[in-house]
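Counting starts at 1 for both ligands and their atoms, in listed order. Owing to the predicted nature of the structure, the values given are computational and were not obtained by experimental measurement.
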Amino acid sequence: MDFLDESVDVVQGVGPKKKESLEKMGIRSLGDLLYHFPRSYEDRRTIKTLSLVEEGDKVSISLSIIPLKKKGRYGKVKGFTQVIGEDSTGRILLTFFNQPYLHKRLKEGMRVVTFGEIKRGPRGLEMINPDFYDAEEEIKEKILPIYPLGNALTQKDFRRFIFWVLNELKERENSDLQYDPLPRQVIEKNKLWYWAPALWGVHYPREEKELRVAKYRLVYEEFFHLMVTLGYAKGRVKEEEGYAYKVFHKSEEFLDRLPFSLTNHQKKVIQEVFRDLKKKTPMNRIIQGDVGSGKTAVAMAALAATVENGYQAGFMVPTEVLAKQHYLTLTKMMNSLNCNVGLLIGSMRPKEKKEIKAALLSGEIDLLIGTHALITEDVKFKNLAFVITDEQHRFGVRQRKSLGGKGKNPHTLVMSATPIPRTLALILYGDLEVSTIEGLPPGRKSISTRLVESGNRKPVYEEIKKSLDQGRQTYVICPLIEESETMDLNAAVSLYGELTENLLKDYKIGLLHGKMTYNEKDRVMKDFQENRLNVLVSTTVIEVGVDVPNATVMVIENSERFGLAQLHQLRGRIGRGEHASTCYLIHDGKNERSLERLKMMEESQDGFKIAEKDLELRGPGEFFGLRQHGVYSLKIGNFIRHRKILKKAQEDVKEVLKEDPKLAHPQNLSLRTFIEARLRNYGG
Ligand code: ADP
Ligand code: MG
């Protein structure tokens, strides 16, 4: 409906200034205003008596105005009016600023209902600038919205603007009665409220039940739109023409040469990937698997196939350390397969970068691995047919797509080491086919995890010495300080100092942090990998991907500051070799809730279970990655609280798309228009 796209200019009371303020909050159109939902409500319906109110209460009171004794003191003073109100239980002083006409209006004996915040002044109870109504009747249905504010816009502004739009909607309804962004059959099946009444009900509910039903409808709508957009996008990809691979000898050769035999899950996933690669339609797949489940081998088999079929591949990872590590493995494994691997990371010298880019464009490089540097504009492939992004949650949807955009409908493979609860995976990766590697390769020693209060840190480091003396290695992870990289660095440096000078002073200790240059990081990592360092003190830069099987101990300082999924990820760095491993979670023991979260780490080593718990305890807002996914920011729905509605919407979307995959039926047309607009906005 065009009405929704009209600019907020047309709203009564919105001038250039307010328009700009609204824009800063992302509110540009009438639709944006309508979907700016209240964060709570102010219920004015119940009248309280003065003897029962307390300071700070926001209440309605029914009063009669009583005469003021001393004129001049209480009467009409410059700029404000004061009167006293009385009910059967007490009195209250009412002060009105900037409303001189009230002085005449508020006559002795008059009955009014006032609503405001109770204050306690030198003369007892007070209300300043309360709203008032002439009769109790008037507040019978008064539940007012309380909106999230910003940029000097007031509650009154939002109430006025949105009320205006709602009324306008009523006017237009007559001419456009049919409009509803949900298909009629879905509304009827679920007995949902129609769109306009639901909007009224959520902004200006007259009773609780109305609010509940209205909100249900809008939450459902939000989930439905999210899922249908993803599902529709997925269907659209299927129609594009990409590269059908013909031969897989090199992949088989590569797999045969691995020093281990693949698990059944790995085999299954490789088959799923190969099946996709043989088709002309581009693959769009994610491999989910716990840390250490062996996703890389699967990726490499696909890379080998790409090269063998005469195409190029791009492999994007989130950190330089990881890029380098994959680069080394790949060169080792691939060179003998006659495949030329290149590395491109931000910290390389301009001359090196230039050479790499030239070799890529000429087709000399078959496989380019790197960080975000890969999606910079001047990186051009000759014939890119396959892109992989590792540790997907670190990248937004846009970045994934922009690497893919460097080829013509290349196959896309996403690898996520962050287990995502099933409900969430469907949403986050709704436009992808999902492959899951369950479990870990055989022979892994389990990791024992211990919670340690910070008061008992020292004995922990004594214990660690024993394992160091046996030749094992240890990671020490510094407290996470999100606000500031400098503070992060300080924490790392001081911890490093404490260990080298005191707690572990007889051992060789390295330090790794985000402010180091790539070459410095590289040297430290290499020293650790080749066992020239016994201990590696690090900020979370090692979080992803690093593989040092001889490291069997990990200490995480201030572990209460990390999310569970992140702790699980970190812990996955140990337990990779033949020796038993231990992870110490040092915590300050102060907060019950964070202790409960950490206990989960002791109990479980199942990434999916941990992720589920993390999501439950911290909520989706805090859950890693979600914030980056602009397309998934919800206005009214909540993945956890409304999971039942989510499930229903999911099922309905499936049905709708099954019957009408292209949304071409007349009853789905407005839905399709809506989705297309949304996909354009998000670069889909
Ligand atoms: P992730 O899934 O976290 O990326 P990796 O692919 O890095 O895990 O694999 C973790 C480790 O397990 C690597 O050292 C890898 O060589 C090894 N690995 C992978 N698959 C198997 C297997 N089937 N049997 C034994 N070891 C394996
Ligand atoms: Mg990996």
Side-chain angles (χ1 to χ4, degrees), residues 251-252 254-273 285-304 315-319 321-334 369 371 388-395 413-420 425 429 434-447 473 475 525 528-531 540-552 554 565-579 581 583 605-608 610-611 624:
S251 329
E252 318 248 305
F254 164 80
L255 292 171
D256 285 343
R257 275 196 221 162
L258 287 174
F260 45 77
S261 52
L262 295 167
T263 65
N264 285 338
H265 275 282
Q266 283 172 312
K267 282 185 197 155
K268 180 197 72 177
V269 172
I270 288 176
Q271 284 321 311
E272 285 166 353
V273 170
R285 185 172 285 282
I286 179 163
I287 304 179
Q288 275 213 91
D290 215 336
V291 204
S293 60
K295 294 181 289 292
T296 319
V298 178
M300 290 191 187
L303 289 171
F315 190 167
M316 185 161 70
V317 302
T319 67
V321 170
L322 191 54
K324 183 69 179 290
Q325 188 179 303
H326 276 324
Y327 172 71
L328 291 176
T329 324
L330 278 168
T331 18
K332 223 176 358 192
M333 307 286 303
M334 295 288 197
I369 173 151
T371 51
I388 302 188
T389 46
D390 197 3
E391 316 295 350
Q392 160 69 13
H393 72 278
R394 296 281 191 111
F395 297 110
L413 187 64
V414 171
M415 298 199 288
S416 169
T418 318
I420 303 221
Y429 305 128
V434 179
S435 289
T436 308
I437 301 181
E438 274 165 47
L440 299 176
R444 290 282 163 79
K445 289 280 187 310
S446 74
I447 304 167
Q473 290 164 283
Y475 292 107
M525 267 324 291
F528 190 67
Q529 242 149 4
E530 290 164 13
N531 206 356
T540 50
V541 286
I542 60 145
E543 182 187 342
V544 279
V546 176
D547 197 15
V548 182
N550 190 45
T552 57
M554 176 172 285
Q566 200 176 14
L567 288 173
H568 179 67
Q569 187 91 13
L570 283 165
R571 182 173 62 178
R573 299 303 114 213
I574 56 174
R576 295 187 156 232
E578 51 191 310
H579 303 283
S581 294
C583 176
Q605 280 193 59
D606 178 336
F608 285 93
I610 291 173
F624 53 77

- [ ] Mark up the atoms of ligand 1 that fall under 4.0 Å of a heavy atom belonging to S261, in ascending order.
- [x] 22 (C), 23 (N), 24 (N)
TODO: Using a strict cut-off of 4.0 Å, indicate which atoms of ligand 1 neighbour a heavy atom of T263.
DONE: 23 (N)
- [ ] Look only at the side chain of K295 and the backbone of G289, and say whether a donor-acceptor pair between them is shorter than 3.5 Å.
- [x] yes
Open item on the list: With a cutoff of 4.0 Å, is G292 in contact with ligand 1, counting heavy atoms of the residue only?
Closed with: yes
TODO: Measure from the side-chain N and O atoms of Q266 to the backbone N and O of G294, and report whether any donor-acceptor pair falls under 3.5 Å.
DONE: yes
Open item on the list: Using only atom types and a distance under 3.5 Å, with no angle test, would you say the side chain of K268 pairs donor to acceptor with the backbone of T436?
Closed with: yes
Task: Proximity to ligand 1 by part of L262, non-hydrogen separation under 4.0 Å - done: backbone
Open item on the list: Looking at F528, is its backbone amide N or carbonyl O close enough to the side chain of Q473 to form a donor-acceptor pair, meaning the two atoms are under 3.5 Å apart?
Closed with: yes
Task: Under 4.0 Å to a heavy atom of S293 - the qualifying atoms of ligand 1, by number - done: 2 (O), 8 (O)
Open item on the list: Testing the basics here: between S416 and I286, what is the closest heavy-atom pair and its distance to 0.1 Å?
Closed with: CB-CD1, 3.9 Å
Open item on the list: With a heavy-atom distance limit of 4.0 Å, tell me whether R576 approaches ligand 1 through its side chain, its backbone, both, or neither.
Closed with: side chain
TODO: Check each heavy atom of P442 against ligand 1 and say whether those closer than 4.0 Å belong to the side chain, the backbone, both or neither.
DONE: neither
Task: E578 CD: over 12 foreign heavy atoms closer than 6.0 Å - done: no
TODO: Say whether F260, considering both its backbone and side-chain N or O atoms, lies within less than 3.5 Å of an N or O atom on ligand 1.
DONE: no
Open item on the list: Please check this pair: side chain of Q605 against backbone of I447, looking for a donor-acceptor N/O pair closer than 3.5 Å.
Closed with: yes
Task: Numbered atoms and elements of ligand 1 in range of T296, under 4.0 angstrom, heavy atoms - done: 4 (O), 5 (P), 6 (O), 7 (O)
